[in-house]
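All heavy atoms count here, side chains included; hydrogens, waters and symmetry mates do not.
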Amino acid sequence: MPGYKGHITGSLVAGGIAAVAAFMLGYHFLVTPSQIAGLVGFCLLGGLFPDSDTDSKGQNLFYGLLIVGDGALIYFRQYSWAAWVGLFAMLPALGHHRSWTHTWWAMLVVGIPIVVIPVMVLGRSTFMVYLPFYVAFTVGYFSHLLLDRKFL
């Protein structure tokens, strides 16, 4: 099983493959540099999330990314969003290592707040705006489970 470097690499490779596949399937979209950074960040978070339930370098990186993101939200006075990030950052503490965080259903469910919370706060018209970030997170998560051989 790979360490944090393998999971970072795996999530970036999986995210790149997903982006190329989406483009080849006709999903042509224009993204700004900040959106690309966000998609890469969500893909990395998804790739590191399953190991955030244990004391590891992956956990340190996962929470480091969350601190930066949460700090940026606070800096820009987005306190409601910062509170949501803080709440969901506690989820891994609800189990022990390689329990629920290493399941296929968690891969699909954990990222749902990425879409649902904006829809609840900003309205249904935001669904398609935030869907790519859910997909990026899920692709990163998938790469983690694949590298840990949870699908073999």
Student: Can you label the angle between the H144 ring and the H102 ring as parallel, tilted or perpendicular, going by 30° and 60°?
Tutor: perpendicular

Student: Looking only at non-hydrogen atoms, find the nearest pair between F62 and S52 and report the distance.
Tutor: CD2-CB, 3.6 Å

Student: What do the steps show when you test K57 against D51 for side-chain contact (heavy atoms from CB on, under 4.5 Å), and what is the final call?
Tutor: CA-CA 9 Å; K57 187 71 168 174; D51 285 345; over 6 Å; no

Student: Go through the structure and list residues passing ring-ring contact (aromatic ring centres under 6.0 Å, His included) with Y130, not counting sequence neighbours.
Tutor: none

Student: Going by the rule side-chain contact (heavy atoms from CB on, under 4.5 Å), which residues pair with V129 if we only count those two or more places apart in sequence or in a different chain?
Tutor: none

Student: Would you indicate whether the side-chain heavy atoms of K5 and I8 approach each other to under 4.5 Å?
Tutor: no

Student: Run the ring-ring contact (aromatic ring centres under 6.0 Å, His included) test against F142 and tell me which residues pass, sequence neighbours left out.
Tutor: F151

Student: Checking the side chain of Y141 only, and the main-chain atoms of T101 only, is there a donor and an acceptor separated by less than 3.5 Å?
Tutor: yes

Student: Would you give the length of the straight line joining atom CZ of F42 to atom CZ of F49, rounded to the nearest 0.5 angstrom?
Tutor: 13.0 Å

Student: For residues 63-92, which residue pairs pass the side-chain hydrogen bond (donor to acceptor under 3.5 Å, both in side chains) check, not counting sequence neighbours?
Tutor: none

Student: According to the side-chain hydrogen bond (donor to acceptor under 3.5 Å, both in side chains) rule, which pairs have a member within residues 103-116, sequence neighbours left out?
Tutor: T103-W105

Student: Any chance you could pull the hydrophobic cluster mates of V68, using side-chain heavy atoms under 4.5 angstrom and chaining through other members?
Tutor: none

Student: Given the rule that I, L, V, M, F, W and Y join up when any side-chain heavy atoms are under 4.5 Å apart, are F76 and I117 in one cluster?
Tutor: no

